[in-house]
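In what follows, residues are counted from 1 in the order of the sequence shown. Not measured: the values here are computed from a predicted model.
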Amino acid sequence: MCRLLAHVSPTPATTQDVIGDASCVEWQRLGRLHTDGWGTAWLDGDQVRRYRDAALGLDNPDLTDALVDTPSRARLTHLRLATEGLATRVANTHPFRVGEIVLAQNGSVTPISRLRAKVTDAELARVGGETDTAMVFALILRRHEAGEPLFDAVSATVAELRREFPAAALNLLVLSPNELIATHANEGAPVPHDLFEESGLGDDLPADHADHYYQLSWRRSEDGAIAVTSSGLTGAGWNRMAPETAVRIDLETLEVSRRELHEHAAQPVA
């Protein structure tokens, strides 16, 4: 269970440029609950770069730099709240990367043993780590490398897993040199109230976490820049992403494509 934030823009911009200083500060403060590391990936020319840190993101100057000092046409950032039993170490920290594709998740897929049975040892080793997210990424890559466009591979994998694991939360951000993909798939997923209680935050629990923890929201700026975030930010201009949907943003044109996941005809890839 984690926090997601991404932006795309017509020219290189920082996340702060797109969502504002106050929202950047507010998002980094989500690290008071999501304490198990952070990571970011961004477009550098035509290449995707990545940085991960298993340390606390709250007040971390490297995370602040990623949000406010390093412009890019596309960036995603992740704060981790580790699923129980999965170690807090760099190899398990999002975003995961294979080649020029990176992926970060908010949510979980259980039982993880059943998900693990769907992925080969070689596929998981290639992604790295031992998390359910790494396994989901491996399944997406299997489809993509079999010839499916990345948006199709992401949508089909999420649709298939939601049918097999109806209580799964599969909010994903996927970045490549050509596109940013977001999926909002979590109906029926239990909100981790026990983790909220254990945090001891009380009235300082971030906004919307008790009722809308898995909500994804988006907004578009006047210059065409688009931001996507999970719950925790306040302020005007945010629109809730429809449940059980996926969107693709073309990084060249900023054109947005949307599809409903339950209508996606997902056939398993052997």
Side-chain angles (χ1 to χ4, degrees), residues 1-7 15 24 27-44 47-70 72 74-110 112 115-116 119 121 123-141 154 168-176 180-183 192 195 198-199 206 213-214 216 228-232:
M1 284 71 69
C2 310
R3 297 296 82 185
L4 301 172
L5 178 63
H7 82 263
T15 303
C24 273
W27 192 84
Q28 188 166 357
R29 283 197 70 242
L30 299 178
R32 67 193 185 277
L33 174 63
H34 302 82
T35 59
D36 298 316
W38 68 277
T40 187
W42 66 100
L43 197 61
D44 180 9
Q47 295 184 308
V48 174
R49 308 291 187 189
R50 177 187 64 164
Y51 180 81
R52 299 186 293 176
D53 190 343
L56 181 68
L58 182 69
D59 298 326
N60 188 305
D62 291 328
L63 176 53
T64 304
D65 177 79
L67 294 172
V68 309
D69 289 330
T70 309
S72 174
R75 177 183 291 275
L76 70 81
T77 311
H78 181 274
L79 290 168
R80 185 176 182 224
L81 180 59
T83 299
E84 184 177 357
L86 297 179
T88 301
R89 57 190 182 96
V90 170
N92 285 338
T93 303
H94 307 217
F96 295 90
R97 175 179 179 174
V98 174
E100 293 295 300
I101 303 172
V102 294
L103 178 146
Q105 178 184 3
N106 164 35
S108 63
V109 183
T110 56
I112 195 170
L115 179 64
R116 177 65 181 86
V119 179
D121 292 346
E123 286 174 325
L124 187 58
R126 184 181 177 208
V127 175
E130 57 193 6
T131 68
D132 49 349
T133 304
M135 298 168 198
V136 171
F137 194 15
L139 293 171
I140 290 170
L141 291 171
V154 171
L170 285 157
N171 289 347
L172 304 179
L173 290 178
V174 181
L175 177 66
S176 80
L180 175 71
I181 297 166
T183 67
L195 296 180
E198 291 171 11
S199 73
Y213 182 70
Y214 294 112
L216 284 186
V228 180
T229 189
S230 46
S231 61

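Taking every heavy atom of both residues into account, L30 and P206 meet most closely at CD2-CB, 3.4 Å. Between A6 and L180, the shortest heavy-atom distance links the atoms CB-CD2, 3.9 Å. Closest approach of A41 and P95 over heavy atoms only: CB-CG, 3.9 Å.
Side-chain contact, R3 with T229: no donor N or O sits under 3.5 Å from an acceptor N or O. Inspection of the T40 and R50 side chains reveals no N or O donor paired with an N or O acceptor under 3.5 Å. N171 and S230 form no side-chain donor-acceptor contact under 3.5 Å, judged by distance and modelled atom types alone.
The side-chain contact (heavy atoms from CB on, under 4.5 Å) test applied to S176 returns I101, L150, N178, E179, not counting sequence neighbours. With sequence neighbours excluded, the residues that form a ring pair (Phe, Tyr, Trp, His ring centres under 6.0 Å) with H78 are H94. Legend: residues meeting ring pair (Phe, Tyr, Trp, His ring centres under 6.0 Å) with Y214, ordered by chain and number and at least two apart, are absent.
Remark: side-chain polar atoms of Q28 are not paired, donor with acceptor, to backbone N or O of L63 under 3.5 angstrom. Under the 3.5 Å distance criterion, the side-chain polar atoms of S231 are matched with a main-chain donor or acceptor of Y213. Listed for the E123 side chain is no donor-acceptor partner under 3.5 Å among the backbone atoms of M135. Proximity of a side-chain donor or acceptor of N92 to a complementary backbone N or O of E130 within less than 3.5 Å is detected. A distance-only check finds a donor-acceptor pair linking the side chain of S72 to the backbone of A74 [under 3.5 Å]. No side-chain donor-acceptor contact under 3.5 Å links R29 to the backbone of G31.
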Using side chain to side chain contact (heavy atoms under 4.5 Å, CB included), reason through L67 and W27 one step at a time and then give a plain yes or no. CA-CA 10 Å; L67 294 172; W27 192 84; 4.2 Å; yes
Check the pair V154 / T183 against side chain to side chain contact (heavy atoms under 4.5 Å, CB included), numbers first and verdict last. CA-CA 8 Å; V154 171; T183 67; 3.6 Å; yes
Under the side chain to side chain contact (heavy atoms under 4.5 Å, CB included) rule, what do R116 and L124 come out as? Steps first, then yes or no, please. CA-CA 9 Å; R116 177 65 181 86; L124 187 58; 3.4 Å; yes
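Looking only at side-chain heavy atoms (C-beta outward), V48 and W42 stay at 4.5 Å or farther from each other. Proximity of D53 to V90: side-chain heavy atoms (C-beta onward) are nowhere separated by under 4.5 Å. You'll find the side chain of V109 reaches within 4.5 Å of the side chain of V136, heavy atoms only. Side-chain contact between L56 and N60: absent, with no pair of heavy atoms (C-beta onward) separated by less than 4.5 Å. Residues V174 and Q105 are not in side-chain contact: their nearest non-hydrogen atoms beyond the backbone lie 4.5 Å or more apart. Taking the side chain as every heavy atom from C-beta outward, E100 and Q47 approach each other to under 4.5 Å. Proximity of L5 to T15: side-chain heavy atoms (C-beta onward) are separated by under 4.5 Å at one or more points.
Atoms CZ and CH2, on R52 and W38 in that order, are 12.0 Å from each other to the nearest 0.5 Å. Note that CG of L172 and CD1 of I140 are 5.5 Å apart. Values are rounded to the nearest 0.5 Å. Taken to the nearest 0.5 Å, the CG atom of D44 stands 10.0 Å off from the CZ atom of R75. Taken to the nearest 0.5 Å, the CG atom of L81 stands 5.0 Å off from the CG atom of L195. Between the CG atom of L4 and the CG atom of L76 there is a distance of 8.0 Å, given to the nearest 0.5 Å. One distance of note links CG of L79 with OG1 of T93; it measures 11.0 Å at 0.5 Å rounding.
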